[in-house]
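Reviewing the structure listed below.
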Amino acid sequence: MIGDGITDLEAVQETGGADLFIGYGGVMERTKVVEGADWFVKDFQVLIDALPRWKVAMIGSGAFASSVAQMISYNAASKAAFNTRVDMYVYDEPYGDTTLTQAINAMHENPKYMPGVKFGDNVVANPDLQDTVKNADLIVFCAPHQFLKNMCQQIQTVVKPTAKAISLTKGIHISPMDGPQLLSTMIRRMLNIECSVMMGANLANEIHPGGLCESTIASHSTEDGEVFRQLLETDYFSIRIISDVEGAELAGALKNVVAVASGFCDGCGLGENAKAAILRQGLEEMRAFSKRLYPTVRDETFWESCGVADLIATCYGGRNHLVSQEYAKRGGKASFEQLEKELLNGQKLQGVLTSSEVQAVLQIKGWKDDFPLFMAVDAIVRGLFQPKDIARYRTVAAEAELKDLHHVNSEPSLLEKRLSVTMKL
Ligand SMILES: NC(=O)c1ccc[n+]([C@@H]2O[C@H](COP(=O)([O-])OP(=O)(O)OC[C@H]3O[C@@H](n4cnc5c(N)ncnc54)[C@H](O)[C@@H]3O)[C@@H](O)[C@H]2O)c1
């Protein structure tokens with residue numbers, strides 16, 4: 001019972017009259033009420049402090065994870081809904097004469113992946129993954145997708161059954177048993193908890209106070225979407241919530257493949273008309289691929305930040321574009337692995353791996369003829385064609401199939417190779 005009138009006070013004194021009494025008058029303190037109460041509170045703040053608070057864990061500490069940690073640390077420290085402390089899992093590595101974890105805890109920033117972006121001192125870096133998540137109510141996944149399955153295996157036994165997750169990770173998981181799987185589905189199944197996603201035009205190094213950035217949270221539960229919006233939104237990072245998890249997540253993963261194509265285009269100096277054509281076709285293939293895999297995917301999702309906006313940002317400023325542009329400039333003579341090491345300072349390239357995963361899906365489903373741009377990117381990445389051939393992606397796709405046929409009896413199939421790679425990760 002909640003009230004502040006005389007009858008309410010009397011009701012408290014009746015057996016079974018009231019379970020909870022909150023009075024706002026403050027005129028008198030009745031001894032009988034005080035004595036009979038299990039818990040008597042006079043200060044409103046004490047009541048607020050006693051409310052259950054979401055405890056947050058962040059899995060990941062790369063460039064984007066560090067930008068997001070800054071926003072989470074601010075919200076956790078300033079909003080009553082959250083426990084102030086935020087635990088952050090760090091895949092530890094040496095840093096100068098110390099470790100990256102120790103450096104983060106001493107400097108309250110990630111000096112390797114996002115120097116200069118300060119977290120509050122409420123963010124505690126931890127190299128022990130299980131320890132990081134064991135008390136968490138909200139788990140934010142933001143590690144490169146090739147490490148996610150292994151991480152989920154490690155924390156399966158310690159995650160609270162009531163925890164909620166959100167994935168900021170972009171990519172597709174290919175399961176040898178079930179074929180393509182969304183990362184949020186993998187997290188949901190492996191940990192038996194709900195998983196939302198956040199995707200958008202969010203280049204890590206451009207997210208800062210005073211800036212403008214938008215993102216999309218997609219969740220099957222309105223309540224979960226709102227909790228994560230409270231956790232992640234700031235006045236320079238605004239979020240819209242939608243329910244199309246599958247569309248948002250696939251858009252986030254697939255745009256990295258288009259970014260590789262746009263890098264080839266820029267690296268070869270093909271010009272803005274060509275790049276616009278690549279982006280248009282890329283968006284169309286992203287939409288068609290997503291809708292074929294999940295017929296519930298909505299066209300409108302591709303107009304959100306997670307759709308066309310993320311595609312534009314990634315194809316002009318992202319790391320996948322940067323590396324594939326350099327690959328093209330060097331005429332395909334340096335490997336992607338080498339360029340990743342040289343240009344990304346430990347950050348992970350996603351587009352090339354996602355391209356290979358998309359190919360596995362096209363092959364399993366027999367859809368190869370309908371996705372010429374995705375096919376051409378894969379053929380160029382595998383060295384069957386030159387980066388400049390992206391300009392004739394429609395014919396490359398058809399020719400690539402013929403080239404692959406020549407190899408069919410001499411080597412393990414492309415799909416077998418791809419599955420063996422993804423199974424090892
Ligand atoms: N960087 C961006 O601008 C951006 C923006 C939006 C979304 N994303 C997505 O966020 C996710 C994380 O990206 P990021 O930028 O935070 O990371 P990153 O690519 O900057 O960093 C790589 C991270 O992987 C860790 N790592 C390396 N080897 C590992 C291993 N064997 N096991 C576990 N971890 C290992 C490193 O310690 C580092 O924290 C990706 O899916 C990415 O697509 C990135």
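Keep in mind that what you see is a predicted model, and the values were worked out from it rather than measured. Just follow the structure's listing: the first ligand is 1, and inside any ligand the first atom is 1. Values below: all heavy atoms of this structure, side chains included; hydrogens, waters and symmetry mates excluded.
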Indicate every side-chain donor-acceptor pair of residues 198-211 with a distance under 3.5 Å to a residue at least two apart or in another chain.
{"residue": "Asn202", "atom": "OD1", "partner": "Ser215", "partner atom": "OG", "Å": "2.8"}
{"residue": "Asn202", "atom": "ND2", "partner": "Glu214", "partner atom": "O", "Å": "2.8"}

Thinking salt bridges, do Lys255 and Asp310 make one under a 4.0 Å N-O criterion?
yes
Side-chain heavy atoms of Ser262 within contact of Tyr316, under 4.5 Å
no
Who are the residue neighbours of ligand 1 when the rule is a heavy atom under 4.0 Å from any of its atoms?
Ser61, Gly62, Ala63, Phe64, Ala65, Tyr91, Glu93, Tyr113, Cys142, Ala143, Pro144, Phe147, Met151, Leu168, Thr169, Lys170, Asn202, Leu203, Ala204, Arg319, Gly346, Gln347, Lys348, Gln350
Under the rule for side-chain contact (heavy atoms from CB on, under 4.5 Å), what residues qualify as partners of Leu322, not counting sequence neighbours?
Leu343, Leu344
Pairs satisfying salt bridge (Lys or Arg N to Asp or Glu O under 4.0 Å), at least one member in residues 256-273, at least two apart
Asp266-Lys275
How about Glu246 and Thr296: do any of their side-chain heavy atoms sit closer than 4.5 Å?
yes
